[in-house]
Amino acid sequence: MAQEIHDMMKDTALVADLSEHAKDAALLNGVLMRTKEAPNSSEVVSYAPFTLFPTPVPKAVFLQALEVQTHYNRLVDKISQSADFLEEALSSTVEVDEFTSRLFKIHKQILKEGRSQSVVLGLNRSDYMLDQKEDGASALKQIEINTISASFGGLSAGIVSVHKHVLKVAGRLKDSMAILDNNPAAGLARAIAKAKELYGSDRAVVLVLVSDTERNIYDQRCVEMELMKLNIFTIRRTFEDVHSRGSLDQEKRLLIDGMEVAVVYYRNGYVPQQYASQQDWDTRLMLERSHAIKCPDIATHLTGTKKIQQVLAQPGVLERFFPNEPQVVEQIRATFAGLYTLDMGPEGDKTVAMALKDPERYVLKPQREGGGNNIYGDEICKVLQEAKGSERTMYILMDKIKPTPSQNYLLRRDSPLTVSNCLSELGVFGAYVRQGTEMVMNEQVGHLLRTKSSVHADGGVAAGVAVLDNPLLY
Ligand code: ADP
Ligand code: MG
């Protein structure tokens with residue numbers, strides 16, 4: 001199949017025709033994004049960027065990624081409950097990184113007051129690239145795990161229909177049937193619904209915490225609509241709305257505009273710029289203190305930092321969380337790339353020396369989300385050499401994953417139709433609900449394939465670099 005797709009790509013008339021079909025299919029199947037010109041309007045919308053063809057992915061590594069997801073769910077949940085581990089692992093970073101430090105302060109405050117809700121709802125997405133090994137095989141290596149605002153669980157469903165359609169138009173009916181069905185939003189909504197049920201109020205609503213400008217709104221709306229199918233009502237509010245119209249009652253119930261909130265689903269609040277002032281930080285604290293189920297709660301948010309990812313890769317750490325499950329440890333560890341501390345001390349010094357010697361082999365990563373923050377190549381040397389005091393501890397160093405490039409057309413509004421050399425990143429969505437000590441739901445609920453031109457080292461779909469895609473298993 002890969003060869004046939006490759007051949008089709010050379011036929012420019014066919015590609016032009018297929019791309020028109022593809023764009024219309026994207027519009028008809030809700031693969032949508034608001035435009036830069038009208039980021040707050042649904043009057044003028046366009047398709048979210050996507051690949052013309054699906055990308056071949058080896059079946060074995062794809063299944064490996066799906067299978068490890070429920071273990072990752074448990075790991076994230078366990079870490080979020082291990083206050084001592086979080087404190088120890090994050091101590092060096094919070095000293096120099098203001099954003100992580102502010103999140104950590106809220107976490108400490110909640111620990112002091114005691115958590116006011118025993119139900120935990122986790123929706124995450126673990127991202128991977130396939131590292132090309134010397135023998136030509138590929139190894140599944142985790143890029144990061146997103147524990148807050150993991151996106152594209154909604155638009156992933158529509159892109160399935162788009163690629164099926166494109167392959168059918170191209171006369172490849174059998175191949176079109178090989179594209180896997182995928183609707184992560186339904187699974188995410190099921191977990192939210194379960195949490196809401198355990199909250200125990202029929203009238204209470206789900207609050208989606210959003211920014212006031214959201215081009216990726218349709219992805220969020222997919223989750224809201226899946227919830228509505230389950231007769232669960234959502235409201236969208238910003239930090240500002242919650243500040244001005246929200247409150248906690250004596251039982252710490254979260255109330256806004258006369259409604260009680262059962263679940264707060266954050267689709268905002270994961271980068272410093274989303275906290276415009278102290279008031280927004282105060283609002284985050286209020287939400288965390290509330291009896292509402294937070295997705296994620298502050299501890300789970302912190303569990304998604306790159307620093308935690310690096311500490312987990314140290315010998316013996318996974319065993320602390322799964323003392324009697326060597327199989328689980330092995331499955332999770334198999335997905336780790338090389339991760340290195342930059343803490344002050346001999347081990348961190350060794351990391352610096354290693355990076356300076358061969359910067360092309362690594363990625364330097366700060367505690368940030370949303371794409372476009374990582375540092376590559378000579379810039380790594382510059383940052384490490386110029387870091388003052390313990391500034392380097394705001395980063396971790398990671399082996400650079402080198403996937404096999406593949407060719408594709410990236411369909412993006414106002415972009416010329418040219419073939420690009422591409423790299424893909426596979427994400428797997430996890431959803432879990434815990435009540436007290438009992439896991440009442442723990443599932444893998446779907447996947448996401450994003451593809452970008454290999455000229456870009458970094459950046460996601462929202463950052464305007466990667467585009468939506470589907471795996472074509474072989
Ligand atoms: P963010 O939280 O900003 O999404 P990521 O860790 O996902 O941070 O990095 C952003 C992008 O940078 C990834 O989508 C990937 O394209 C690239 N990237 C990150 N880590 C690596 C790595 N170890 N090797 C190769 N590319 C990487
Ligand atoms: Mg990422």
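As the structure lists them, so they are numbered: ligands from 1, and atoms in each ligand from 1. Not measured: the values here are computed from a predicted model. Residues: numbered from 1 along the sequence shown. Any value given below was found using the heavy atoms of this structure, including those in side chains, with hydrogens, waters and symmetry copies removed.
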Say whether [X], considering both its backbone and side-chain N or O atoms, lies within less than 3.5 Å of an N or O atom on ligand 1.
X: I401; result: yes
X: E425; result: yes
X: G371; result: yes

Revision key, fill the gap. To the Mg ion (ligand 2), the closest N, O or S atom belonging to E144 is OE2

Provide, to 0.1 Å, the distance between [atom] and the closest protein heavy atom, together with that atom's residue and name.
atom: atom 18 (N) of ligand 1; answer: Y376 OH, 3.6 Å
atom: atom 16 (O) of ligand 1; answer: K452 NZ, 2.7 Å
atom: atom 4 (O) of ligand 1; answer: E144 OE2, 2.9 Å
atom: atom 21 (C) of ligand 1; answer: I143 CD1, 3.6 Å
atom: atom 11 (C) of ligand 1; answer: D458 OD1, 3.1 Å

Below 4.0 angstrom, N of the basic side chain to O of the carboxylate: do [X] and [Y] qualify?
X: K402; Y: E360; value: no
X: D127; Y: R450; value: yes
X: E214; Y: R267; value: no

Per [atom], closest listed option by heavy atom ([options]):
atom: atom 20 (N) of ligand 1; options: K306, M129, K365; answer: K365
atom: atom 19 (C) of ligand 1; options: N374, L397, V363; answer: N374
atom: atom 23 (N) of ligand 1; options: D399, L364, D127; answer: D399

Check your understanding: Donor-acceptor pair, K452 side chain versus H456 backbone, under 3.5 Å?
Key -> yes

Review point. Counting distance only, does the side-chain N/O of D219 pair as donor-acceptor with the main-chain N or O of L155 below 3.5 Å?
Key: yes

Check your understanding: Does G370 come within less than 4.0 angstrom of ligand 1, counting non-hydrogen atoms of the residue?
Key -> yes

**Study point:** Residue pair Q69, N73: steps toward the side-chain hydrogen bond (donor to acceptor under 3.5 Å, both in side chains) verdict
**Key:** CA-CA 6 Å; Q69 187 55 44; N73 290 345; 3.0 Å; yes

